[in-house]
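Comments concern the structure below.
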Amino acid sequence: MDWLDSVKWDRDGLVPAIAQELGSGDVLMFAWMNREALAQTAASGRAVYWSRSRQRLWHKGEESAMCSRCTNCAWTATTTSCC
């Protein structure tokens with residue numbers, strides 16, 4: 001079984017994602033991920049999210065140059081946490 005199958009996706013195929021600072025655990029942002037975004041994040045170590053307004057993947061920092069590196073992903077029944 002693919003590990004992505006264990007994620008509890010909503011009816012739109014999304015899961016809420018919380019980006020946290022690695023050292024302090026401070027919440028940096030809230031965004032959404034679809035299956036492809038979560039798979040790309042896990043594979044590349046760079047945060048990829050789903051933009052509901054643009055209806056496309058977006059890589060954190062593609063416009064602001066403020067990139068997020070993902071060193072760990074964990075999920076609960078309702079939230080994905082990447083820090």
Inset, instruction - Please list, chain by chain and in numerical order, all residues satisfying side-chain contact (heavy atoms from CB on, under 4.5 Å) with S53, sequence neighbours excluded. - result: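 side-chain contact (heavy atoms from CB on, under 4.5 Å) check on S53 returns S51.
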Inset, instruction - Among N34, V7, D10, L4, find the residue that satisfies the side chain to side chain contact (heavy atoms under 4.5 Å, CB included) test when tested with V15. - result: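 Of all the options given, the one that passes is V7.
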Legend entry - Sequence-distant partners of D26, side-chain hydrogen bond (donor to acceptor under 3.5 Å, both in side chains), two or more places apart: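 By the side-chain hydrogen bond (donor to acceptor under 3.5 Å, both in side chains) rule, D26 matches S24.
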Legend entry - Within-4.5 Å side-chain heavy-atom neighbours: W50 and Q55: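 In short, these two side chains touch, coming nearer than 4.5 Å.
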Legend entry - Test item: W9 and L38 side chains (from C-beta on) under 4.5 Å apart, heavy atoms: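 Side-chain contact under 4.5 Å: yes.
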Inset, instruction - Taking salt bridge (charged side-chain N to carboxylate O under 4.0 Å, His left out) as the test, write out the residues that go with R52, two or more places apart. - result: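 Applying salt bridge (charged side-chain N to carboxylate O under 4.0 Å, His left out) to R52 gives none.
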Inset, instruction - Quick one: closest heavy-atom pair of M33 and A17, and the distance? - result: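 Smallest interatomic distance, heavy atoms only, reads CG-CB, 3.9 Å.
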Inset, instruction - Can you see which heavy atom on V48 is nearest to which on A37, and at what distance? - result: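 Smallest interatomic distance, heavy atoms only, reads O-CB, 3.4 Å.
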Legend entry - Summary of ring-ring contact (aromatic ring centres under 6.0 Å, His included) pairs that have at least one residue in residues 17-37, sequence neighbours excluded: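 Sorted result for residues 17-37: F30-W32.
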